[in-house]
Amino acid sequence: MDDLYREQILEHYKRPHNFGRLDDADLDYEDNNPFCGDEQHVFIKLDGEGRVDEVGFEGKGCAISTAATSMLTDELEGMSREELLQLPKEFVLDLLGIDISATRMKCALLGLKIVKSASLGSAADWDDEGRQGDPSEATRSGI
Amino acid sequence: MEATAVTPGAESLASTPPNTDEIRSQFPILARQQDGRQLAYLDNGATSQKPLAVIETLDRYWREQNANVHRGVYRLSEEATDLYEHARRIVASRMGADRREVVFVRNATEALNLVAYSWGRQNVSEGDRILLTEMEHHSNIVPWYQLAAEKGAELDWIPIDEDGRLDLEAYASLLERQPKLVGVAHVSNVLGTINPIRTITRMAHDAGALVAVDGAQAGPKLPLDMAAIGADFYALTAHKMYGPTGIGVLYGRRELLEDMPPFIGGGSMIRTVRRDEITWADLPAKFEGGTPPIGEAIGLAAAVEWLDTIGLDAAHAHEAQLTAYALERLAEVPGLRIFGPPLGDDRAGIISFELEGAHGHDVAEILDRHAVCVRAGHHCAQVLMDRLGVAATTRVSLAVYNTREEIDRLVDALNDVRRIFELD
């Protein structure tokens, strides 16, 4: 009956994947949703070739933002920082598989924005798809 | 503290509730249907809906009376000027104030910014202190934070207790630090607490501090007798009191306003402008640079007069009864935790809660499917959210046209949230 709160979304909300901080992360970034103040912190460990080896996140948020980031973090292994930066927002929206209203769009895209920001080492735009900055310059921000 | 300090004029607020059907018929938007359901508008703390008396006043002004004020010698401009200044007198009368003490601004935020910029920059210096409360809206925090950062002043915070009331003993201690000003909400926009404003202003004055009161939530609910409240500055916004957006009021005691420099420079606020010398207009024009929101001011006056036809005491009685019912019904919802004081004379119809296992935004989204409008988020009160240890709350805020049936629909919708989120 309820599309937005279908079972898979609620499952990810209640038991988010990759939840928890990585103390030995190579990249990390924390940001919030200006609409509601919800915060998420994403941690990324890279392998010897600079590709994503492990991802973790923590934070408190709504079902949409938590499920979106949970689903997103399942998909990132093996990606380079350049590839992370080029992920389009449709990547997350397709994972969610539901219609997202304009007011909830930032909930859906918060995790992606933070993943890109971690990759970049500074705040990425909400709709950035790789046009901004050189990820090779990114450094691990202070945890 | 004396009990009478809680609600100025509370002794006169025992009255029969008004006829809600009759009141609802004056608000066209309340007939709106969403997905075949009638709108249950429970977000009045964000903005209230507007009665026909206000809508028709605005319509008449734009169709028949519009001209700039204090300029034209033609009759149309004189008429607009008369209406604008009449609006000021109506607001002044409601506040027990002199017309020169009523400055029209955009909203309560602008009113408080005016005080922080004009009075603050003249009177606050390095090492001075400003005392705020943990329950303030950002509009009564940010201007003071900016002022403190610029001047090297310090902010102190009056804590709240577990019931969401100000800790007046802590307040007394903090006053010993001799703050220049106390910034306090008359009614909390999150907790619904009606602060003991007379006690607060008296204690501040005894300690040599001025008081800037954020009256945004009190405006549609409580008597606004400035002398009884003891406010040095008082901020109102029309759109929360059944009036239009874009117009608010700064009340300031006349001797304070006389000594303060202008805030916005431009037309209307000057007496003379020479290349090397400018003199300011008299009050209140000194603080009303540029063409003011004329129609909106007239709309505000219409809203004040409309609320008088209901009667503030009757409106208060209605809200008190509905608040009691809402608190009782919400207490039946498992896992629901209500913030703010229990039912009593210091409890307004603004009810924030957290539903365990469901984020406020998800709650509000599902409630919207039931055509129940509530607010979810930090309510521009992040200092308070930190104090409460939550990221966001869901807030129900009542007005004179709300009904028990709407509260029942709210509770049914909350049970639907519990069903969808499998919170049993």
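These numbers were taken from a predicted model, which means no experiment stands behind them. Every chain is numbered from 1 and lettered A, B, ... according to where its sequence line falls, protein lines coming before strand lines.
Side-chain contact between A/Thr103 and B/His361: absent, with no pair of heavy atoms (C-beta onward) separated by less than 4.5 Å.
Scanning residues 56-69 of chain A against chain B with a 4.5 Å heavy-atom cutoff picks out A/Lys60, A/Gly61, A/Cys62, A/Ala63, A/Ile64, ordered by number.
For B/Glu356, the CD atom sits in a loose shell: 12 or fewer heavy atoms of surrounding residues, nucleotides or ligands are nearer than 6.0 Å. No more than 12 heavy atoms of other residues, nucleotides or ligands sit less than 6.0 Å from atom CZ of B/Arg106. Within 6.0 Å of CD in B/Glu162 there are 12 or fewer heavy atoms belonging to other residues, nucleotides or ligands. The environment of A/Asp94 atom CG is dense: over 12 non-hydrogen atoms of other residues, nucleotides or ligands sit within 6.0 angstrom. Counting heavy-atom neighbours within 6.0 Å of A/Glu49 CD, excluding the residue itself, gives a total of 12 or less. The local environment of OH in B/Tyr145 is sparse, with at most 12 non-hydrogen atoms from other residues, nucleotides or ligands closer than 6.0 Å.
Taking CZ from B/Arg369 and CG from A/Leu4, the interatomic distance works out to 5.0 Å, rounded to the nearest 0.5 Å. Within the model, atoms CG of B/Leu423 and NZ of A/Lys14 stand 6.0 Å from one another, a figure rounded to the nearest 0.5 Å. To the nearest 0.5 Å, atoms CG (A/Leu10) and CD1 (B/Ile420) are separated by 8.0 Å. Put simply, CD on A/Glu7 and CD on B/Glu422 are 7.0 Å apart, with the number rounded to the nearest 0.5 Å. Taking SG of A/Cys107 as the reference point, atom CD of B/Glu365 lies at 8.5 Å (rounded to 0.5 Å).
Residues meeting the ring-ring contact (aromatic ring centres under 6.0 Å, His included) test with B/His370, sequence neighbours left out: none. Not counting sequence neighbours, the partners of B/Glu150 by the side chain to side chain donor-acceptor pair (under 3.5 Å) test are B/Arg121.
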Query raised in the report: Could you go step by step and tell me if B/Asp362 and A/Arg104 meet the side-chain contact (heavy atoms from CB on, under 4.5 Å) rule?
Result: CA-CA 10 Å; B/Asp362 297 316; A/Arg104 300 302 292 276; 2.8 Å; yes
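The contact between B/Ala358 and chain A is made entirely by backbone atoms, counting heavy-atom distances below 4.5 Å.
B/Phe421 and A/Tyr5 have tilted rings, their planes meeting at an angle from 30° to 60° on a 0 to 90° scale.
Note on residues 93-124 of chain A: no pairs pass ring pair (Phe, Tyr, Trp, His ring centres under 6.0 Å), not counting sequence neighbours.
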